[in-house]
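Owing to the predicted nature of the structure, the values given are computational and were not obtained by experimental measurement. Just so we're on the same page: letters track the sequence lines, and every chain starts at 1.
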Amino acid sequence: MIDDNPAIDDTHLVDKDSLTTVDMGVNLGGLLMANPVTVGSGTFGNGKQYAGFYPLNRLGAITTKGVSGVPWAGNDNPRIAETASGMLNSIGLQNPGVESFVADELPWLATCGVPVIVNVSGHNASEYAAVIQRLETESAVSAYELNISCPNIDCGGMGFGTDPQTAYAVTQLCRKSTSRPLIVKLTPNVTDISEIACAVEAAGADAISLINTVLGMAIDVKRRRPVLARKVGGLSGPAIKPIALRMIYEVYQAVKIPLLGMGGICTASDAIEFMLAGATAVAIGTANFTDPMTAPTVVDGIREFCLEQNIPRVSELTGALL
Amino acid sequence: MVMSDMTYPACNADNNRMEPGLGGGQPRQEFCSVLDNGFMAESIAKIRLLAPYVAENCHPGQFVHLRLPNLEAHILRRPFSVYAADARSGEIQLLYQTVGAGTEHLTTVGRGAQIDVIGPIGRGWQPQPSAKRVLLVGGGLGVAPLYMLAASFRTDVEVHLVMGAQSADRLICREPFSTYITEPCLHITTDDGSAGQHCFTTKVVKDLLDEGSFDYIATCGPEAMQKAVAALAAEHKTVCEVSLERRMACGIGACLSCMVETINGPQRACVDGPVFSALEVIW
Ligand SMILES: Cc1cc2nc3c(=O)[nH]c(=O)nc-3n(C[C@H](O)[C@H](O)[C@H](O)COP(=O)(O)OP(=O)(O)OC[C@H]3O[C@@H](n4cnc5c(N)ncnc54)[C@H](O)[C@@H]3O)c2cc1C
Ligand SMILES: Cc1cc2nc3c(=O)[nH]c(=O)nc-3n(C[C@H](O)[C@H](O)[C@H](O)COP(=O)(O)O)c2cc1C
Ligand code: FES
């Protein structure tokens, strides 16, 4: 399964009459990606841990772990629980803060030859904006993803993503701080996700990513206690894929800006479902844990699908549901 | 916009490395054939895998992160210490206790099956090279990561082992350890008194430390036992390392599921551990 030869010459794979190459590039709100696959924030560290498995330039972009203005400690153990076809996490956006990110992670990320989407978190709107302002002078940063959807912190996080007005306000403040592509990441833990999507579009977001984790719980019956120290956490993995897909489908009807789809994607076929429902690009999250080679395998699978189906540009898949 | 023309320079080979484990090899994904798998005692089994890369690069105390074959609903890998490794034959052995769905399922995997393994992972044991008299303390299957350590000492090092189990039939490693550790240095305890001394390992550890000094202690097993051993070691000003278990998702340092509180701040059990200096850990 480990593919040592990233530069596959597709011309040998098909007959003369059919397609020989696929244009895999996509434009995610101004962020040009060589292929539509990135990774879910928080599931990939800042890339180093996966670089031993494949060259990271096989990805369309790297999405970093959430970065905040000051260091965050995160939550108590246990922080994870396996559930049927999924997992709960309550990591709590543990990170050493933006200064340490700039000093310790960015120089390395800059050598990977792939666009870097920095996932930004904060307790209030000005904290989000401050992280962006700090990163504006860093040339290694290609785009920002505002995490207004983390269910694992008490103050901020998901609170911003469940109310259209606050979602609008934080997006608008960040918009004023940058002309780089601004992606806003939404939570599924709302009644009407389209409403929030429209609010962040109106506030100037260039793209929307969805979904963050679904609030959930697991209980240890013998101990009669929640498995997670924080009691509740975010559900991810294949279990949430149908929810994610439905939300992409709804938001695609509601907004004009492009979507970055995620939630349980494990295979190329999963990724293509997201694109057909309206996603311009997709992210592999929890599946990185199951198999570190998932992301490049999905890239290759999408390309093969396009060749088989005579689709010259992968971007033609977006919203192409019949 | 034509973006297929977009090219990025290849990753810099030097940067294209994972964080260091101690085995001299970066963790890799290896698809391993099962050579043998079977029970050694009630709810304790041993699996032998053909895993040439892990076998060659594994340092005592490191572990593998194993994907449960044909169990798609269980999306997380399971971590297991490498019990034994033979670089020449490419074989590794794991000892595991059936405690839940994953380990129960693992017992049904037969010879010839393929298992997806990532390894070797983590910081292994780091005894001081000058250590002349060392004490290993294993409770239950905590003896597993101590076997390669026992084998790694020079013959002039006096190696003691305190091996604790619930009962005599669960002392499955007694025989193999006896290659490296012989009678006066091998201390057995059982909870029910069916073999060795009728007490917990910590009682014997205390007696041994009271009798004479050791240069290094390594312990693995239930966390309460490790904590007690660490306290005894501190009392006797003896260098001590512990091996901690945490729930792990990625197993390679990326997800921060597996944090251990230490005096140097939070550390990841998977790559900063699983072996930690006992003095660093905030228990
Ligand atoms: C570094 C390390 C080395 C280990 N070495 C061994 C070994 O040599 N032999 C052995 O029998 N066991 C070992 N364990 C424990 C082993 O990983 C668990 O017993 C196993 O994951 C249980 O899986 P399950 O599906 O049967 O249990 P379930 O309880 O159904 O598992 C549910 C989830 O909890 C996790 N989990 C449950 N118990 C533990 C635990 N004690 N530690 C970490 N995660 C856990 C599982 O991985 C899984 O994600 C080790 C753990 C670690 C962290
Ligand atoms: C362990 C873990 C940590 C995560 N950390 C973050 C984070 O820091 N910021 C963020 O925006 N999303 C975070 N997420 C959410 C993922 O990026 C993703 O939106 C979600 O898991 C759904 O995708 P998946 O099912 O493919 O994992 C995290 C998810 C997991 C499982
Ligand atoms: S298990 Fe992911 S960081 Fe340790």
Partner chain B: residue of A/Gly74, A/Gly86, A/Gly237 with the largest heavy-atom pair count (under 4.5 Å):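 Heavy-atom pairs under 4.5 Å are most numerous for A/Gly86.
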
Taking every heavy-atom pair that is under 4.5 Å apart, which of A/Gly47, A/Gly45, A/Ser315 has the most such pairs with chain B?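 Highest number of pairs under 4.5 Å: A/Gly45.
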
Are B/Phe63 and B/Phe80, when compared by the centres of their aromatic rings, separated by less than 6.0 Å?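 Centroid separation for B/Phe63 and B/Phe80: 6.0 Å or greater.
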
Heavy-atom distance under 4.5 Å to chain B: side chain of [X], backbone, both or neither?
X        : value
A/Val39  : neither
A/Asn288 : neither
A/Thr286 : side chain

What residue, out of B/Gly102, B/Ala254, B/Cys255, has the most heavy-atom pairs lying under 4.5 Å from chain A?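 Counting heavy-atom pairs under 4.5 Å, the top option is B/Ala254.
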
Does B/Glu241 come within less than 4.0 Å of B/Arg123, counting only side-chain N to carboxylate O?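 A salt bridge links B/Glu241 with B/Arg123.
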
Which of parallel (below 30°), tilted (30 to 60°) and perpendicular (above 60°) describes A/Tyr54 and A/Phe44?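 Answer is tilted, since the angle falls between 30° and 60°.
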
Under 3.5 Å, is there a donor-acceptor pair between the side chain of B/Gln62 and the main chain of B/Gly122?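 Side chain of B/Gln62 to backbone of B/Gly122, a donor-acceptor pair under 3.5 Å: yes, one is there.
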
I'd like to know if the side chain of B/Ser243 and the backbone of B/Cys220 have a donor-acceptor N/O pair within less than 3.5 Å.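 Not a single qualifying donor-acceptor pair exists.
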
